[in-house]
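Letters A, B, ... mirror the listed sequences (proteins, then strands); counts begin at 1. Here the structure is a predicted model, which is why all the values come from computation and not from measurement.
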2 protein chains.
Amino acid sequence: MPPRMIDVAKRADVALSTVSYALNGTRPVSASTRRRIMRAMEELGYRPNALARGLASKRTRILALLFPTPERGLGVTEMEFVTGAADAAREHGYHLMLAPSELRDIHELEHLTGQGLIDGALVMEVRLDDERVDLLGQAGLPFSMIGRTSDPGTISYADIDFEQTTRDAIAHLMELGHRCVGFLNHSPSALSVGYGPTVRAAEGFRRAASDAGIAHIERPCGDNAAAGKAAFHELRASSPELTALVVMNERAVIGVMNALDEISWRVPDDFSIVSIVSSTRVTEMMRPQLTTLEPPSTELGRLGVQILLDQLERPHDEPLPPTQKLLPCRLVVGASSGPPPAR
Amino acid sequence: MPPRMIDVAKRADVALSTVSYALNGTRPVSASTRRRIMRAMEELGYRPNALARGLASKRTRILALLFPTPERGLGVTEMEFVTGAADAAREHGYHLMLAPSELRDIHELEHLTGQGLIDGALVMEVRLDDERVDLLGQAGLPFSMIGRTSDPGTISYADIDFEQTTRDAIAHLMELGHRCVGFLNHSPSALSVGYGPTVRAAEGFRRAASDAGIAHIERPCGDNAAAGKAAFHELRASSPELTALVVMNERAVIGVMNALDEISWRVPDDFSIVSIVSSTRVTEMMRPQLTTLEPPSTELGRLGVQILLDQLERPHDEPLPPTQKLLPCRLVVGASSGPPPAR
DNA sequence: TGCCAGATTCGAAGCGCTTCGACAAAGTCT
DNA sequence: AGACTTTGTCGAAGCGCTTCGAATCTGGCA
């Protein structure tokens with residue numbers, strides 16, 4: 001029912017193939033012919049059929065976004081990856097297809113790549129050792145990552161600069177006068193499965209604190225308020241000299257604040273908290289509003305797509321150096337960080 | 001490079017078309033032939049090419065999810081729509097494609113539908129009067145909505161039951177003893193563009209309060225803490241008898257709590273707050289944890305897809321009654337609602 | 001004026017699959 | 001036993017586009 005290329009060709013009085021050349025710029029077409037063709041297209045309201053195009057050319061202009069759905073759902077940050085990626089894709093004339101790949105279900109992934117539906121993939125929630133990445137590599141499908149494996153090799157990625165982020169968090173607290181800072185990480189299970197951010201933030205924090213020459217304590221913590229509360233009490237018991245906490249765990253931080261309430265400590269007068277890698281959309285909901293190092297989530301999503309497209313659109317024979325980028329988080333000072341108490 | 005249907009056919013020693021019939025069940029195939037074919041497929045690791053299939057059959061098994069990105073980004077609830085929809089699609093063997101359609105950009109939508117890429121669409125963030133819906137109708141593309149227009153007619157949808165939700169919120173507060181309850185809505189602009197939830201919650205609240213025979217005040221409020229704070233002070237000035245607030249505005253509610261702090265009112269001892277249509281993922285972050293009517297977001301996403309698929313997979317000549325479903329929110333009692341103060 | 005390189009354009013062969021009409025083989029009914 | 005379904009299978013015609021080799025048409029130059 002919709003007009004086809006042959007209809008355009010007839011109306012412009014040229015061969016079908018000429019229309020194709022005019023449309024894609026595959027071969028030179030004289031200015032006058034091109035004009036006639038364009039006009040015919042407009043008049044007919046022609047839209048190339050993506051399927052036919054894909055079948056014939058082996059390029060679909062569809063990208064897959066691999067996002068596993070972890071135990072307790074995705075947050076604001078992940079949503080921003082998605083919208084950023086979708087936007088960037090659209091701007092470049094690509095479509096973004098959602099592939100809810102459970103980590104276990106490698107079969108799904110094979111199914112997806114085998115269908116010839118997608119040109120490339122963007123992998124989210126990458127672990128240090130990620131079988132999806134291996135599989136994509138084997139499948140020969142171009143892809144890039146938001147996050148990175150322990151040894152990305154020549155795989156392109158865009159990730160948060162955790163080294164810098166933890167350094168910034170500590171710098172902020174040191175400027176305020178703190179000299180003993182703790183770090184509350186994601187859950188032990190995130191650490192044990194080798195979830196990238198968890199491991200890297202821990203390492204970054206360790207190094208940053210030791211470079212800065214300050215005392216620090218570090219531990220994982222379950223993703224809920226109760227665990228956060230317990231963790232705080234334990235930390236205080238074992239390290240009473242602690243005056244501030246860097247937290248990369250939005251759910252646990254609530255528990256920490258509740259624990260502070262319990263012992264009638266005020267934030268930031270008696271204790272400071274800096275959240276890292278959490279969106280202001282979330283920290284603004286807390287009272288007092290948390291100081292945070294906000295991740296450039298939308299940017300990461302966009303960048304992930306751009307990196308992937310660079311790869312896809314490069315002539316196939318060029319050596320193409322992988323693009324690997326680390327983006328810093330942005331410090332947003334809230335009301336949860338201040339000078340340490342003069343105890 | 002990957003095996004094609006003809007390869008399977010040769011290996012099983014049947015005609016190409018027989019393989020197709022065996023694969024799709026389009027025509028009967030004898031058990032023995034079917035077995036041979038299946039074995040050949042396995043041995044070759046055959047995967048049907050989605051593009052070719054789509055081109056020939058006019059059915060792509062791809063659905064589009066139309067989600068506009070409003071001013072200040074999407075929240076947890078929207079993310080859950082997406083994951084719910086993506087999951088449901090996958091379970092039914094469909095793909096979900098993200099179509100970040102700005103409301104203004106009807107052109108994008110035409111582009112999408114014109115490409116023959118998608119079988120149907122799921123529309124999010126529906127307004128009472130939504131041009132996307134009109135356009136999809138004209139385009140003759142099957143679709144369903146998460147949300148609904150003012151007059152959905154025969155269009156299928158899944159939406160929150162705002163009538164019930166506001167009634168439940170009021171019932172909860174009345175049980176606690178409140179007799180004068182206010183309602184803080186979304187922003188005036190949401191109201192004026194006719195964003196469905198905003199309008200329907202307001203109506204629902206009005207009716208529920210009046211049915212319950214209690215006093216109530218109702219007003220929109222900007223989506224930020226400052227506006228929330230100002231709104232509360234104004235409400236208190238004009239209606240000092242107010243003892244509780246129902247709020248459908250996650251960002252403004254923070255401002256309300258700050259305002260309460262300012263006048264040294266405690267929640268819930270001096271004033272009660274019930275959040276509606278906000279995820280516990282969010283209300284758990286507040287202190288005190290907000291009582292909320294949590295929307296069944298994931299369910300809505302799933303349901304939206306199911307409804308759409310029912311339509312798609314029904315034989316084309318049947319009359320098919322539209323499926324229109326309203327889901328209630330679930331009351332999660334937090335620490336923000338209690339008996340009114342004995343003033 | 002005649003011949004050739006270069007610039008355009010054409011026709012046809014697929015891309016990998018679905019689907020339709022036809023046909024052979026195997027019952028079914030009277 | 002002959003005419004007629006039914007069941008299972010085959011071959012061929014597309015689906016709407018890209019792409020390749022070849023044909024056509026310029027103008028330039030001898």
What nucleotide, of [options], holds the atom closest to the side chain of [X]?
| X | options | value |
| --- | --- | --- |
| B:Ala56 | D:dT18, D:dC17, C:dT18 | C:dT18 |
| A:Arg4 | C:dC17, D:dG16, C:dT19 | D:dG16 |
| B:Leu55 | C:dG16, D:dC17, C:dT18 | C:dG16 |
| B:Pro28 | C:dT19, D:dG8, D:dC17 | D:dG8 |
| A:Pro48 | C:dC17, C:dG11, D:dC17 | D:dC17 |
| A:Ala15 | D:dC17, C:dG16, C:dG11 | C:dG11 |
| B:Asn24 | C:dT8, C:dT18, D:dA12 | C:dT18 |

Side-chain-base donor-acceptor pair under 3.5 Å for B:Ser30 and D:dG8: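 Result: no qualifying N/O pair found.
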Would you indicate what B:Ser57 reaches in the nucleic acid, counting non-hydrogen atoms under 4.0 angstrom: base, sugar-phosphate, or nothing?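 Since only primed, P, OP1 and OP2 atoms lie under 4.0 Å of B:Ser57, the category is sugar-phosphate.
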Can you measure [X] atom [atom1] to [N] atom [atom2] for me and round it to whole angstrom units?
| X | N | atom1 | atom2 | answer |
| --- | --- | --- | --- | --- |
| A:Leu23 | C:dT9 | CG | P | 15 Å |
| A:Leu16 | D:dT19 | CG | P | 13 Å |
| A:Arg34 | C:dA7 | CZ | P | 15 Å |
| A:Leu44 | D:dG16 | CG | P | 14 Å |
| B:Asp7 | C:dC17 | CG | C1' | 13 Å |
| A:Tyr46 | D:dC17 | OH | C1' | 7 Å |
| B:Met5 | C:dC15 | CE | P | 15 Å |
| B:Ile37 | D:dG8 | CD1 | P | 13 Å |

Examine [N]: is either OP1 or OP2 under 4.0 Å from a nitrogen or oxygen in the side chain of [X]? Give yes or no.
| X | N | result |
| --- | --- | --- |
| A:Ser20 | D:dT18 | yes |
| B:Lys58 | D:dG16 | yes |
| A:Thr18 | C:dC10 | yes |

Side chains of [X] and [Y], donor plus acceptor under 3.5 Å:
| X | Y | answer |
| --- | --- | --- |
| B:Ser20 | B:Ser17 | no |
| B:Thr149 | B:Asp130 | no |
| A:His95 | B:Gln115 | yes |

Side-chain donor/acceptor of A:Gln324 to backbone N/O of A:Ile155, under 3.5 Å: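 Side chain of A:Gln324 to backbone of A:Ile155, a donor-acceptor pair under 3.5 Å: yes, one is there.
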Between B:Arg302 (side chain) and B:Ala85 (backbone), is there a donor-acceptor pair under 3.5 Å?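 No, the answer is negative, given that no donor and acceptor are paired below the 3.5 Å cut-off.
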Encode nucleotides 22-28 of chain D as B, S and - characters from 5' to 3', where the letter depends on protein heavy atoms closer than 4.0 Å: B to the base, S only to sugar-phosphate, - to neither. B------
Cation-pi check, B:Arg61 onto B:Tyr94 ring (under 6.0 Å, within 45° of axis):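 Checked: cation-pi criterion met.
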Please report the shortest heavy-atom distance between A:Arg4 and A:Tyr46, naming the atom on each side.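 Heavy-atom minimum between the residues: C-CE1, 3.5 Å.
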DNA chain C: A:Val14 or B:Pro2, which has the more 5' nearest nucleotide?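 This one resolves to A:Val14.
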Decide, yes or no, whether a salt bridge links A:Asp7 with A:Lys10 under the criterion of side-chain N to carboxylate O below 4.0 Å.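 A:Lys10 and A:Asp7: not salt-bridged.
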